[in-house]
Amino acid sequence: MARRQHGSTQNSLAQDGSAQLRLPASGVTVRVEVAASARSRTRGLLGRDRVEGGLLLVPASGVHTLGMRFSIDVAYLRRDFTVLAVRTMLPGRIGLPRLRARMVLEAAAGAMSAWGLRPGDRLELVPREGTQEQDRNTTGTRS
C-alpha cells in the first residue's frame, strides 16, 4: 500500500496545480497550491499580500522570504510527507535548508499552529475529486 501511495503522490505532484493535504493527527484538510516547476517555485509567494491554505514547493529543501510582504510558517517535509521541522519566518530572511527535506509547505504565519501541525506528523495527500467550491470550503478546516 505504501508503495502505491508513493507512486500516486509522485504523479499528483509532478506538475503545478492544486491538491489537498490532510493532517490525520488534527483532522484538518488544507487546500494547497503545488509549485512543481522551477518557475513557480522561484516565484513562490513573492508579490502576494496573503496566502490561502498553503503553497507546497516540490522539490525543495529550503526557502527564503526576501522580498516578501508578510511572515509565513514553513514546514519541511520528507518524501513520505513526514514533517521534519516547522518554523515561522519573518520577511527578509533566508532559511537554512534541511538535508532530508524533499518538499516545503508554506502558509500564513500562525496557520500551522492553528492546524496543530508538529514535527513528526505525517500528512496525507487527498485525491482530488471535488469542485472549486468544495476546495474553498476545505481551506484549513477540521473534518
Side-chain angles (χ1 to χ4, degrees), residues 2-128 130 132-143:
R3 184 175 282 157
R4 188 168 14 125
Q5 182 181 9
H6 180 69
S8 65
T9 298
Q10 293 279 346
N11 294 337
S12 299
L13 301 177
Q15 60 186 9
D16 295 343
S18 62
Q20 291 183 27
L21 292 175
R22 181 179 13 242
L23 291 66
S26 62
V28 172
T29 300
V30 178
R31 183 184 168 281
V32 295
E33 181 181 337
V34 177
S37 69
R39 183 177 184 181
S40 63
R41 286 192 315 269
T42 301
R43 184 177 54 241
L45 296 173
L46 293 175
R48 299 187 195 188
D49 292 321
R50 67 187 189 316
V51 59
E52 292 189 30
L55 176 66
L56 184 64
L57 304 166
V58 182
S61 61
V63 296
H64 69 82
T65 57
L66 300 174
M68 290 194 49
R69 300 175 183 164
F70 57 97
S71 298
I72 60 171
D73 283 348
V74 177
Y76 299 88
L77 310 175
R78 289 191 339 202
R79 187 181 321 267
D80 67 357
F81 289 88
T82 299
V83 178
L84 295 170
V86 179
R87 301 284 184 263
T88 299
M89 293 180 65
L90 299 171
R93 303 288 193 255
I94 298 174
L96 294 174
R98 300 297 193 267
L99 296 178
R100 294 179 305 166
R102 297 296 176 260
M103 297 172 271
V104 175
L105 177 61
E106 298 179 339
M112 293 184 188
S113 176
W115 301 338
L117 187 65
R118 296 181 197 88
D121 286 350
R122 187 168 176 178
L123 307 177
E124 297 174 350
L125 187 66
V126 177
R128 301 273 306 153
Q132 286 184 333
E133 183 63 31
Q134 286 174 318
D135 290 346
R136 246 179 271 137
N137 292 335
T138 60
T139 302
T141 59
R142 295 190 185 271
S143 46

Participant: Only one of V86, V83, L23 passes side-chain contact (heavy atoms from CB on, under 4.5 Å) with D121; say which it is.
Facilitator: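 When side-chain contact (heavy atoms from CB on, under 4.5 Å) is applied between D121 and each of V86, V83, L23, only V83 qualifies.
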Participant: Can you name the nearest heavy-atom pair linking A101 to Y76, along with the distance?
Facilitator: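 The pair with the smallest heavy-atom distance is CB-CB, 4.0 Å.
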Participant: Just how far is it from atom CZ of R87 to atom CG of D73, taken to the nearest 0.5 Å?
Facilitator: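 R87 atom CZ to D73 atom CG measures 11.5 Å (nearest 0.5 Å).
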Participant: Using 0.5 Å steps for rounding, measure from the CE atom of M103 to the CG atom of L56.
Facilitator: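 Between M103 CE and L56 CG, I get 6.5 Å after rounding to 0.5 Å.
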Participant: Measure the spacing between CG of L77 and OG of S61 and express it to the nearest 0.5 Å.
Facilitator: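 The OG atom of S61 is 12.0 Å from CG of L77, to the nearest 0.5 Å.
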Participant: Specify the closest pair of heavy atoms between A35 and R41, including all atoms of both residues, with the distance to one decimal.
Facilitator: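 Closest approach of A35 to R41: O-CG, 3.1 Å.
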Participant: Could you tell me which residues satisfy salt bridge (Lys or Arg N to Asp or Glu O under 4.0 Å) with R93, sequence neighbours excluded, listed by chain and number?
Facilitator: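 Scan of R93 (salt bridge (Lys or Arg N to Asp or Glu O under 4.0 Å), adjacent residues dropped) gives none.
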Participant: Using 0.5 Å steps for rounding, measure from the CZ atom of R78 to the CZ atom of R98.
Facilitator: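 Result: 14.5 Å between the selected atoms.
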Participant: What closest approach, in Å, do A75 and L117 show between heavy atoms, and which atom pair accounts for it?
Facilitator: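 Scanning both residues completely, I find the closest heavy atoms to be CB-CD2, 3.9 Å.
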Participant: Should the heavy atoms of other residues, nucleotides or ligands under 6.0 Å from CG of L90 be counted, would the total exceed 12?
Facilitator: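 Yes, CG of L90 has more than 12 neighbouring heavy atoms, counting only those of other groups under 6.0 Å.
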Participant: Give me the atom names and distance for the closest heavy-atom approach of L84 to R100.
Facilitator: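 Of all heavy-atom pairs spanning L84 and R100, the closest is CD2-NH2, 3.5 Å.
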Participant: Measuring from R122:CZ to T82:OG1, what's the distance to the nearest 0.5 Å?
Facilitator: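 If I round to the nearest 0.5 Å, the distance is 5.0 Å.
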Participant: Is the shortest heavy-atom distance from the side chain of V63 to the side chain of M89 under 4.5 Å?
Facilitator: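 Yes, close enough: below the 4.5 Å cut-off.
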Participant: Minimum heavy-atom separation for G53 to A107, with atom names?
Facilitator: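 Where G53 meets A107 most closely, the heavy atoms are O-CB, 3.6 Å.
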Participant: Locate the shortest heavy-atom distance separating A19 from V34; write the atom from each residue and the value.
Facilitator: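 Of all heavy-atom pairs spanning A19 and V34, the closest is CB-CG2, 4.0 Å.
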Participant: How long is the gap from CG on L105 to CG on L123, to the nearest 0.5 Å?
Facilitator: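 Nearest 0.5 Å value for the CG-CG distance: 7.0 Å.
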Participant: Does atom CG of L99 have more than 12 heavy-atom neighbours from other groups under 6.0 Å away?
Facilitator: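 No.
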Participant: Sequence neighbours left out, what passes salt bridge (Lys or Arg N to Asp or Glu O under 4.0 Å) with R118? Give chain and number order.
Facilitator: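 In terms of salt bridge (Lys or Arg N to Asp or Glu O under 4.0 Å), with neighbours along the sequence ignored, R118 is linked to no residue.
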Participant: Holding to salt bridge (Lys or Arg N to Asp or Glu O under 4.0 Å), I want the full list of residues that pass it with R50, two or more places apart in sequence or in another chain.
Facilitator: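 If we apply the salt bridge (Lys or Arg N to Asp or Glu O under 4.0 Å) test to R50, skipping adjacent residues, the hits are E52.
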